[in-house]
Amino acid sequence: DYTGEKVRDKGMEREAGMRETGVRGSGETRERDGVAGLLALLYREGLLSEASEGAEKVRPDFFTANSREVKAGAFFVCKGYAFKKEYLEMAAGQGAVLYMAETDYGVSLPRILVKDIRRAASLAARWFYGNPGEALFVTGITGTKGKTTTAYILKSILDTARPGRTAVFSTMEVFTGKEYRVSHLT
């Protein structure tokens, strides 16, 4: 098993090809380097507890925390208070090639053990999908009154400059640029 020091010794703390945030910028890099870049990121963030032998070479092609969605080649994230070992066993049976968790579940898959699964899962998703948020211009609006109105005025201005390229997440609704849905979070 690799501990943080062994990860550093194996040269996985490379900076080449990483952006300022430390998250790999493309699926091509993930394909070429496997999980080594993610391990380096988790180590730098103080989240990596250990990685099993060979985990750094795994090249997943699907990412999920839902055992019902797992398919061959999946990177499976074990999270949630109600998580059960059976979910991981089911994921392994459906073709998962790697799992990340706070606990070693003793399942014969390469594993990444972390100190905080929620933070690690967020970084892993950003790494897996090539950090898509980095290409976004994000504006936040705070205050007591007028936030939704201000957001839609700003959206109208931005839509004039770049039609169809804006999204709005408000207490009323979520508009992704393609679809509207009612917001359930405030």
Quick one: [atom1] on [X] to [atom2] on [Y], what's the gap to the nearest 0.5 Å?
X	Y	atom1	atom2	result
Tyr152	Thr166	OH	OG1	9.5 Å
Glu50	Leu42	CD	CG	13.0 Å
Arg68	Lys71	CZ	NZ	15.5 Å
Glu134	Arg126	CD	CZ	8.0 Å
Arg165	Leu136	CZ	CG	9.0 Å
Thr148	Ile141	OG1	CD1	8.5 Å

With a 4.5 Å limit on heavy-atom distance, are the side chains of [X] and [Y] in contact?
X	Y	answer
Lys85	Val107	yes
Lys155	Leu158	no
Leu98	Leu109	no
Val97	Phe75	no
Thr176	Val168	no
Val77	Ile117	yes
Glu45	Arg119	yes
Met90	Val70	no

Side chain of [X], backbone of [Y]: donor and acceptor closer than 3.5 Å?
X	Y	answer
Arg118	Asp116	no
Ser67	Ala91	no
Thr160	Ser156	yes
Ser52	Ala55	no

key: Side-chain donor-acceptor contact under 3.5 Å, Glu173 with Ser183   = no

message = Ring centres under 6.0 Å, that's the criterion: do Tyr99 and Phe76 meet it?
response = no

request  = Show your working on ring-ring contact (aromatic ring centres under 6.0 Å, His included) between Tyr87 and Tyr105 and close with a plain yes or no.
outcome  = CA-CA 11 Å; Tyr87 302 151; Tyr105 288 99; 9.9 Å; no

ask   = Can you say whether the rings of Tyr129 and Phe63 are parallel (under 30°), tilted (30 to 60°) or perpendicular (over 60°)?
value = perpendicular

query = Are the charged groups of Glu102 and Lys115 less than 4.0 angstrom apart, N to O?
reply = no

query = Ion pair present between Lys84 and Glu89, side-chain N to carboxylate O less than 4.0 angstrom?
reply = no

query = If you look at every heavy atom in Ala74 and Pro60, which pair is closest and at what distance?
reply = C-CB, 4.5 Å

key: Contact summary for Arg181 and Glu179, nearest pair of heavy atoms   = NH1-OE1, 4.0 Å

task = Check whether Leu41 and Leu113 end up in the same hydrophobic cluster, where Ile, Leu, Val, Met, Phe, Trp and Tyr are linked by side-chain heavy atoms less than 4.5 Å apart.
result = no

query = Is it true that Leu48 and Trp127 fall in one hydrophobic cluster, defined by side-chain heavy atoms closer than 4.5 Å?
reply = yes

query = In this structure, are over 12 heavy atoms from other groups packed under 6.0 Å from Lys79 atom NZ?
reply = no

